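Okay, structure first, notes after.
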Amino acid sequence: MQLNTLGLVHTVLRQTVRPGAVCIDATAGKGRDTALLCRLAGETGRVLAFDIQPEAVEQTKALLAQEGLQAEVYLDSHAHMARYAEPETVDCVVFNFGRLPGGNPKIFTRAESSLQAIDAGLELLRPGGVMAIALYYGGENGYTERDAVLAHLAKLDQRRFTVLEGRWANRRGDPPMPIFVWKEG
């Protein structure tokens, strides 16, 4: 396991997602999380991926084709994921909030749509399902989204959800934060 945010997220996914799972990569980016979810869910699973950037959708589709994997990849906002799945049918929802690595630094996720997407994802999660968030912040996108996401998650009903947020205490700059939300069963 890599001791970084993405390494922690992937470790939790590998321990949680089983063959036949229904998974959502809410921010497809370059498709790496989508591909991981496809491998974990297997041929009997269903993986949906979303991104608002055509470049990200094409990169995700290309990676999946290269690896012989299948997913439903949509050019649409993560805030609209509830249009594509039924409530309480999803095992896992993954987010990478921030911007597309190597992409346009002026295009990044924003608090308004990200909070809508979190709420949609929580409704889609089945009891026992997990939401994994890699929260990138600072730089061009600043701290508004980070602060809004953390405040929003802190208000979730503890009888329905368990939220764990991580912070790298000795890493300089603005290291991304791993956050996990489990829906109680």
Side-chain angles (χ1 to χ4, degrees), residues 1-18 21 23-40 49-53 55-56 59-60 63 78-79 90-122 125 128-184:
M1 172 179 74
Q2 290 182 301
L3 287 177
N4 60 33
T5 296
L6 211 50
L8 287 172
V9 166
H10 287 182
T11 296
V12 168
L13 295 178
R14 285 185 185 100
Q15 293 175 351
T16 305
V17 178
R18 299 287 175 245
C23 303
I24 294 177
D25 183 355
T27 50
K30 294 182 179 262
R32 292 186 188 115
D33 289 340
T34 306
L36 174 62
L37 293 171
C38 287
R39 287 191 296 275
L40 295 173
F50 300 89
D51 210 291
I52 62 166
Q53 297 181 71
E55 172 187 354
Q59 287 178 357
T60 297
L63 179 63
H78 54 336
V90 175
D91 298 282
C92 175
V93 179
V94 178
F95 291 99
N96 284 298
F97 290 132
R99 68 179 185 86
L100 177 64
N104 183 342
K106 302 289 185 199
I107 300 174
F108 45 85
T109 56
R110 300 185 186 274
E112 181 179 298
S113 63
S114 294
L115 295 182
Q116 291 173 1
I118 287 171
D119 287 343
L122 293 174
L125 277 181
V130 66
M131 179 179 288
I133 301 170
L135 181 57
Y136 295 83
Y137 58 92
E140 292 281 339
N141 52 319
Y143 305 96
T144 303
E145 182 180 44
R146 177 201 64 187
D147 296 346
V149 167
L150 294 176
H152 190 70
L153 294 174
K155 294 176 187 173
L156 292 179
D157 182 348
Q158 68 180 1
R159 294 168 295 187
R160 293 188 63 214
F161 302 99
T162 297
V163 180
L164 175 66
E165 62 182 59
R167 183 179 67 86
W168 301 101
N170 67 340
R171 297 216 176 143
R172 303 281 183 249
D174 296 315
M177 299 176 68
I179 302 170
F180 303 96
V181 182
W182 289 272
K183 190 169 192 174
E184 298 299 325

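Every heavy atom of this structure was used, including side-chain atoms; hydrogens, water molecules and symmetry mates were not. Everything numeric here is computed off the predicted structure, so don't read it as measured data.
To the nearest 0.5 angstrom, Leu37 atom CG is 10.5 Å from Arg14 atom CZ. We find the CG-CZ distance between Leu6 and Arg32 to be 8.5 Å, quoted to the nearest 0.5 Å. We find the CD-OG distance between Glu145 and Ser113 to be 7.0 Å, quoted to the nearest 0.5 Å. A distance of 5.0 Å separates CG in Leu125 from CE in Met131, rounded to the nearest 0.5 Å. Atom CZ of Phe95 is separated from atom OH of Tyr136 by 14.5 Å, given to the nearest 0.5 angstrom.
Put simply, the side chain of Arg18 gets close to the backbone of Gln15: a donor and an acceptor are under 3.5 Å apart. No donor-acceptor distance shorter than 3.5 angstrom exists from the side chain of Lys183 to the backbone of Val130, with no hydrogens or angles considered. Between the Tyr137 side chain and the Pro175 main chain, a donor and an acceptor come within less than 3.5 Å of each other. A distance-only check finds no donor-acceptor pair linking the side chain of Asp25 to the backbone of Ala49 [under 3.5 Å]. With hydrogens and angles ignored, the 3.5 Å screen pairs no side-chain donor or acceptor of Asp91 with any backbone N or O of Gly129. Here the side chain of Trp168 pairs a donor or acceptor atom with the backbone of Pro176 at under 3.5 angstrom. In this structure a side-chain-to-backbone donor-acceptor pair under 3.5 Å is present from Thr27 to Asn96.
Taking both residues in full, the closest heavy atoms of Phe161 and Leu122 are given as CE2-CD2, 3.7 Å, listed atom of the first, atom of the second, then distance. Taking every heavy atom of both residues into account, Ala79 and Ala120 meet most closely at O-CB, 4.4 Å. Of all heavy-atom pairs between Gly29 and Asp51, the closest is N-OD2, 2.8 Å. The minimum heavy-atom distance between Val93 and Ala26, with the atom names listed, is CG1-CB, 4.4 Å. Residue Leu115 comes nearest to Ala148 through the heavy atom pair CD2-O, 3.8 Å, listed as atom of the first residue, atom of the second, then distance.
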**OP:** Applying side-chain contact (heavy atoms from CB on, under 4.5 Å), run through Thr144 and Asp147 and close with a yes or a no.
**Re:** CA-CA 5 Å; Thr144 303; Asp147 296 346; over 6 Å; no

Original post:
Would His78 and Ile118 count as a side-chain contact (heavy atoms from CB on, under 4.5 Å) if you check the C-alpha gap in whole Å, the side-chain angles of each, and the deciding distance to 0.1 Å?
Top reply: CA-CA 9 Å; His78 54 336; Ile118 287 171; over 6 Å; no

Subject >> Chi angles and distances behind the side-chain contact (heavy atoms from CB on, under 4.5 Å) call for Leu153, Glu165 >> reply: CA-CA 9 Å; Leu153 294 174; Glu165 62 182 59; 5.8 Å; no

Subject >> His152 and Asp119: CA distance, side-chain angles, deciding distance, side-chain contact (heavy atoms from CB on, under 4.5 Å) verdict >> reply: CA-CA 10 Å; His152 190 70; Asp119 287 343; 2.7 Å; yes

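Residues passing the salt bridge (Lys or Arg N to Asp or Glu O under 4.0 Å) test with Arg39, sequence neighbours excluded: Glu67. With sequence neighbours left out, the side chain to side chain donor-acceptor pair (under 3.5 Å) criterion links Arg167 to no other residue.
Side-chain atoms of Tyr143 and Asp174 form a donor-acceptor pair, as typed in the model, at a separation below 3.5 Å.
Between Phe97 and Ile133, the closest side-chain pair of non-hydrogen atoms falls below 4.5 Å. At a threshold of 4.5 Å between non-hydrogen side-chain atoms, the residues Thr162 and Gln158 do not count as touching. Here the side chains of Leu40 and Cys23 are not in contact, with every heavy-atom distance at 4.5 Å or above. Residues Thr34 and Leu63 have side chains not in contact (no heavy-atom distance under 4.5 Å, counting atoms from C-beta outward). Leu150 places a side-chain heavy atom less than 4.5 Å from the side chain of Ile179. Between Thr16 and Cys92 there is no side-chain heavy-atom pair separated by less than 4.5 Å. Counting only heavy atoms from C-beta outward, the side chains of Glu184 and Arg160 never approach each other to under 4.5 Å. When side chains are defined from C-beta on, Val94 does not count as touching Ile24, because their heavy atoms never get closer than 4.5 Å.
Each of Asp33, Asn4, Thr5 was evaluated against His10; a single residue qualifies, Asp33, per the side-chain hydrogen bond (donor to acceptor under 3.5 Å, both in side chains) test.
For Glu112, the CD atom sits in a loose shell: 12 or fewer heavy atoms of surrounding residues, nucleotides or ligands are nearer than 6.0 Å.
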